[in-house]
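Note on naming: letters A, B, ... go to the chains in the order of the sequence lines (proteins, then strands), and numbering restarts at 1 for each one.
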There are 2 protein chains.
Amino acid sequence: MSTLKKTATTAEKVNETDLQIHGFRQTRHNRRLELVEDYVELIADLISKHGEARQVDIARELGVAQPTVSKMLKRLAADEMIVQRPCRGVFLTDKGTKLAKHCRERHSLVETFLVALGVPAEVASIDAEGIEHHVSEQTISAIKKFLNSDGASKN
Amino acid sequence: MSTLKKTATTAEKVNETDLQIHGFRQTRHNRRLELVEDYVELIADLISKHGEARQVDIARELGVAQPTVSKMLKRLAADEMIVQRPCRGVFLTDKGTKLAKHCRERHSLVETFLVALGVPAEVASIDAEGIEHHVSEQTISAIKKFLNSDGASKN
DNA sequence: TTTAAAATATAGCAATGGCTATATTATTTA
DNA sequence: TAAATAATATAGCCATTGCTATATTTTAAA
């Protein structure tokens with residue numbers, strides 16, 4: 001009945017759907033990085049605003065419980081994104097700083113872009129939060145190009 | 001030391017960061033729906049292309065194992081998104097069809113938009129996969145408006 | 001109508017990301 | 001310095017999403 005049935009177990013099918021598989025795999029991979037990116041980005045924000053990033057602050061900002069943050073920070077420390085100093089909060093390593101910088105730039109770019117498109121600021125803020133992690137370098141370039149020409153056309 | 005410390009345990013803080021919390025909560029909520037949306041969208045695609053959507057096909061397209069699909073379909077059936085017919089694949093309920101339609105439209109809109117922005121088709125396809133789940137109705141409207149005016153300016 | 005093959009289901013494991021309740025460890029302050 | 005408070009860590013639970021290995025059920029074929 002199905003055109004797929006006959007070859008469902010053969011190897012030829014693989015090539016046919018390779019791109020699709022790659023797409024979903026890439027997306028799943030991005031989804032696993034989302035939380036890490038949220039954390040380093042938030043930690044950078046807290047440090048720049050308040051000079052420190054404590055677990056209670058992170059937990060409050062993210063809307064999760066403190067032990068959840070504690071567990072995640074352990075993971076980030078294992079990944080060498082942060083260092084923890086007792087009762088003094090967490091600090092970004094070079095690696096973490098680089099990632100945070102990248103995320104902040106990408107985040108603000110996406111948010112600016114949405115606002116430029118006419119999305120209300122509050123909604124743009126929420127959408128950007130989810131979208132940012134899935135924006136490739138090529139799309140970043142395209143957005144930058146758009147913002148430049150858009151800005152030029154309005155001046 | 002920190003400006004947060006003094007009031008960290010008081011209720012006043014809540015209002016101050018309410019929006020931020022709401023943003024992350026919204027994003028976490030969206031993230032939980034991503035998989036459901038991926039499935040119904042893919043099921044709709046498979047049915048329209050091949051007249052049926054079997055677990056093996058879904059698994060191959062998503063790049064996961066068949067038991068993973070089996071488990072997820074159980075959840076989708078419990079959510080009344082699909083009905084399962086043994087050895088005949090899965091079919092969308094009205095509810096599932098509505099969601100799939102919405103997702104497909106949103107997905108293709110985002111992909112079209114990225115291409116219109118100048119993102120290479122292959123990259124646009126991957127990025128759209130991740131982005132689509134985080135695009136609000138307001139952003140959809142803004143994109144539609146852009147595509148219309150963009151199309152008009154080139155005609 | 002058995003048998004072979006295909007499709008689906010189940011069992012059982014692991015990692016992740018939540019939670020509450022309860023230590024433990026640092027820092028202040030009395 | 002001892003006690004109180006603040007910050008962090010740990011224990012132990014749950015749900016989700018993946019996996020492999022192995023049933024079980026359906027369909028098709030001999």
*Asks:* For the pair made of CG in B/Asp38 and P in D/dT17, what is the distance, rounded to whole Å?
*Replies:*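 My rounded result for the distance is 11 Å.
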
*Asks:* Counting only side-chain N and O atoms of A/Arg31, is one of them less than 4.0 Å from OP1 or OP2 of C/dT16?
*Replies:*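 The answer is no; no side-chain N or O of A/Arg31 sits under 4.0 Å from OP1 or OP2.
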
*Asks:* Rounding to a whole Å, what distance do you find between B/Arg32:CZ and D/dT17:P?
*Replies:*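 About 10 Å, once rounded to whole Å.
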
*Asks:* In whole angstroms, how far is the P atom of C/dA26 from the CD atom of A/Gln55?
*Replies:*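 These atoms are roughly 13 Å apart.
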
*Asks:* What residues from residues 67-76 of chain B pass a heavy-atom cutoff of under 4.0 Å to DNA chain D?
*Replies:*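 Under 4.0 Å from DNA chain D: B/Pro67, B/Thr68, B/Lys71, B/Met72, B/Arg75.
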
*Asks:* I need the CD1-P distance between B/Ile58 and D/dG18, as an integer number of Å.
*Replies:*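 In whole Å, D/dG18 P lies 13 Å from B/Ile58 CD1.
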
*Asks:* Counting only side-chain heavy atoms from C-beta out, which of C/dT8, D/dT20, C/dC19 sits nearest to A/Ala65?
*Replies:*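 Of the candidates, C/dC19 comes closest.
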
*Asks:* Does a nitrogen or oxygen in the side chain of B/Gln84 sit under 4.0 Å from OP1 or OP2 of C/dA9?
*Replies:*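 For C/dA9, OP1/OP2 do have a side-chain N/O of B/Gln84 under 4.0 Å.
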
*Asks:* Are B/Leu42 and B/Leu33 linked, directly or through other ILVMFWY residues, by side chains that come within less than 4.5 angstrom of each other?
*Replies:*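 Different clusters.
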
*Asks:* Nearest heavy atom decides the nucleotide; on that basis, is A/Pro86 or A/Tyr39 closer to the 5' end of DNA chain C?
*Replies:*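 First, find each residue's nearest nucleotide; the 5'-ward one identifies A/Tyr39.
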
*Asks:* In whole Å, I'd like the distance from the CZ atom of B/Arg28 to the C1' atom of D/dT17.
*Replies:*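 These atoms are roughly 18 Å apart.
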
*Asks:* Is the phosphate of C/dA6 approached by B/Gln66 (side-chain N or O, under 4.0 Å from OP1 or OP2)?
*Replies:*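 Result: no.
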
*Asks:* Can you name the one residue among A/Gln26, A/Arg28, A/Arg32 that meets side-chain hydrogen bond (donor to acceptor under 3.5 Å, both in side chains) with A/Asn30?
*Replies:*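 Result for side-chain hydrogen bond (donor to acceptor under 3.5 Å, both in side chains) with A/Asn30: A/Gln26.
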
*Asks:* Expressed as a whole number of angstroms, how long is the span from A/His29:NE2 to D/dT17:P?
*Replies:*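 In whole Å, D/dT17 P lies 19 Å from A/His29 NE2.
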
*Asks:* For A/Asp45, enumerate each residue passing the side chain to side chain donor-acceptor pair (under 3.5 Å) test, keeping only those at least two apart in sequence or located in another chain.
*Replies:*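 Listed in chain order: A/Arg104.
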
*Asks:* Quick check for you: among C/dA6, D/dC19, C/dG17, whose closest atom lies nearest to any side-chain atom of A/Leu35?
*Replies:*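 That would be C/dG17.
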
*Asks:* Take the protein atom CZ of A/Arg88 and the nucleotide atom C1' of D/dA6, then report the distance between them rounded to whole Å.
*Replies:*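 About 13 Å, once rounded to whole Å.
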
*Asks:* Are B/His133 and A/His134 an aromatic pair, judged by ring center distance below 6.0 Å?
*Replies:*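 They do not qualify: ring centres at least 6.0 Å apart.
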
*Asks:* Going by ring-ring contact (aromatic ring centres under 6.0 Å, His included), name the residues that satisfy it together with A/Phe113, two or more places apart in sequence or in a different chain.
*Replies:*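 Scan of A/Phe113 (ring-ring contact (aromatic ring centres under 6.0 Å, His included), adjacent residues dropped) gives A/Phe146, B/Phe113.
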
*Asks:* Take the protein atom CZ of B/Arg60 and the nucleotide atom P of C/dA6, then report the distance between them rounded to whole Å.
*Replies:*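 So the two atoms are 15 Å apart, to the nearest Å.
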
*Asks:* State, yes or no, whether a side-chain contact exists between A/Glu34 and B/Thr27 at a heavy-atom distance under 4.5 Å.
*Replies:*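 The answer is no; the side chains never approach within 4.5 Å.
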
*Asks:* By the definition side-chain contact (heavy atoms from CB on, under 4.5 Å), identify the one residue from A/His102, A/Glu37, A/Glu41 that meets it with A/His107.
*Replies:*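 Looking at A/His102, A/Glu37, A/Glu41, the match for A/His107 under the side-chain contact (heavy atoms from CB on, under 4.5 Å) is A/Glu41.
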
*Asks:* Just compare C/dT27, D/dT26, C/dA9 and give me whichever is closest to any side-chain atom of B/Cys87.
*Replies:*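 Comparing C/dT27, D/dT26, C/dA9 against the side chain of B/Cys87, the answer is D/dT26.
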
